[in-house]
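Just so we're on the same page: letters track the sequence lines, and every chain starts at 1.
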Amino acid sequence: MSQRMKVSSNPHIRSKATTNGIMLAVVVALMPATGFGIYNFGMRALAVILVTVASTVLTEFLFGLYKRKTTVSDLSAVVTGLLLALNLPVTIPLWMAALGGVFAILVVKMLFGGLGQNFMNPALAARCFLLISFPTAMTAFACDAYTGATPLAALKAGEQVNVLNMITGHTGGTIGETSVIALVAGACFLLAMGVIDLRIPGSYIVTFLLFTGIFGGRGFDPAYLSAQLAGGGLMLGAFFMATDYVTRPITVRGQYVFGIFLGLMTGIFRIFGPGAEGVSYAIILGNLLVPLIERVTKPTAFGYERGGKRA
Amino acid sequence: MNKAGERLYNGLVKENPTFVLMLGMCPTLAVTTSAMNGLGMGLTTMVVLSLSNLFISLLRRVIPDRVRIPAFIVVIASFVTVVQLLLEAYLPALNKSLGVYIPLIVVNCIILGRAESYAYSNPPIPSLFDGIGMGLGFSFALTCIGAFRELLGAGKLFGAALMPEGFEPIRIFGQAPGAFFVLAMLVAVQNAVRNRRKKAGKPYEKIGSGCSEDCMNCSDQGCTRRFYDAGAAEKKPVRQPGSTAQGKAPRPVQKQAESGIQRKAPRPVQKQAESGIQGKAPKPVQKPDRAVNGKKERLAQKQTEFEYIDLDKEEK
């Protein structure tokens, strides 16, 4: 008996994972999409990315000076800046990109207590802040090769879109959202590293597909559904933003609920809303519901009945 | 007229209705899209507030306790109607831009709050100045919020373009979320200044004849009634716990309790007496050795914790 019982104090589960390592993995996973964005939109995309990342890191650094506790080295500011840049159109004035970075770090993250305390994905909150503040600059998707509406807007208007171009990424949109191939490659890397799992992205995408199939008005037409999947920020959002450790539910059942909620909201925003896009608003709305979701999906501890009573 | 000055200071700084008491949030957030709107709303409220305070104070011996709230509302509503008709006649543009928020002044909780907590139990002149002070504080806060929102959201200030050519207005500040951002930032700045003054030993609360805490964080129910009782307010001393340790003259709190000016002793004294730190004496007795025993007592008496922490700071 005594050999089978090992007495030790907690923690009982140890892991080599560090914040730093996870953030680095996310940055690496975003590299294909970043590279493709620069290739697709030219050097101006690189400038937008650099400015945004610099502004997030600098804001984090300056706030760290003020609080006398530096947190720049955990790389989370880099991830936030990179994600925000990938969510911006290439033509955005650089000072707006910088302002978005400051808003993401200062208002959404640091004022609520820093990494782990933010109630909302900082990059997405900053994107929505910019979208409300500068609607014209944030939706000007014109660049050399492709002018006019994004494929999603064209789709909503009832036009035909080239699905193949949408999957490779040769189309209009924000810097990082266009290429499905590059995004999925990055997501596979994260899945292989064990940084994310398929619970949220899987339930998100499946729910979204079912919803658009039923309410989209074109039935389960494969061309329409794949265009909806490949268009806009769905892939970027599902794999890189909805899975953010801080702003997703920690309970397993809660993560499925979260994914289903995001799928429903994205479908509602895209089909019934005034705009063609809906991923960012769906995710930040979902972020706000996370505490409630966690409360109702709290697993029952061993030795307890459902509802917290001792068995 | 010292009293009047004290009331003005109280309304503008110490108990600023927007930044400290957090009252009247609906107009604060809704109409402050520009500095002019904020100022207009603030001054309109100020007129109603000071007049209603004056008249409620004059009528305070006539209004029965039970129906005082409906009575206040009637007085306030009358003045709002007067002011609205005047605005319609002489400032139609402002009236239009403030819209439904003018009639809504009737249910503004600053006005009802001041009537209930001050005007109903104080003489007319201080009540009038209380209204003016609170109104000025409200106007000041709304103008500040409006100025920031107008500057960032439209690039203008009082309608004059101020920002450089290339500035693209940050439109979110013209909309509802911007109001929350600006209000939160201004409150944060205000709290930072307040905390810094407290640390430096010059808190706002010590100026004038206030009670020791700001009303937002005060846990004492019914404090206002005791505190604002006619005549008592002026003589209510500022709590100076440090003086006991140094063995100075008896504390002003004691004096007051002895002379029986107030039916009840003010809150801090009462608490101390109840908790029995000072030997269950009904009046706090001066103990020269309290500085030595302070720590032990603090551990023993958790309820009065914050008071003793205050005390330590004072001694330094």
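Interface remark: B:P169 contributes backbone atoms only to the contact with chain A (heavy atom separation under 4.5 Å). When heavy atoms are compared at a cutoff of 4.5 Å, A:L99 approaches chain B solely by way of its side chain, counted from C-beta outward. Contacts of A:L111 with chain B are made by side-chain atoms alone, with heavy-atom separations under 4.5 Å and no backbone atom involved.
Counting heavy-atom neighbours within 6.0 Å of A:Y245 OH, excluding the residue itself, gives a total above 12. Atom OH of A:Y66 is surrounded by 12 or fewer heavy atoms from other residues, nucleotides or ligands within 6.0 Å. Other residues, nucleotides and ligands contribute more than 12 heavy atoms inside 6.0 Å of the CG atom of A:L94. Under a cut-off of 6.0 angstrom, the local environment of CZ in B:F158 is crowded, with over 12 non-hydrogen atoms contributed by other residues, nucleotides or ligands. Residue B:F140 places its CZ atom among 12 or fewer non-hydrogen atoms of other residues, nucleotides or ligands, all under 6.0 Å distant.
Atom-to-atom distance recorded for A:F129:CZ and B:F173:CZ is 5.0 Å, nearest 0.5 angstrom. Rounding to the nearest 0.5 Å places CD of B:Q175 at 6.5 Å from CD1 of A:I132. Going from atom OG of A:S133 over to atom CD of B:E168 covers 9.5 Å, rounded to the nearest 0.5 Å.
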Worksheet entry | Test log, rule side chain to side chain contact (heavy atoms under 4.5 Å, CB included), inputs A:F134 and B:I172 | CA-CA 8 Å; A:F134 314 108; B:I172 198 168; over 6 Å; no

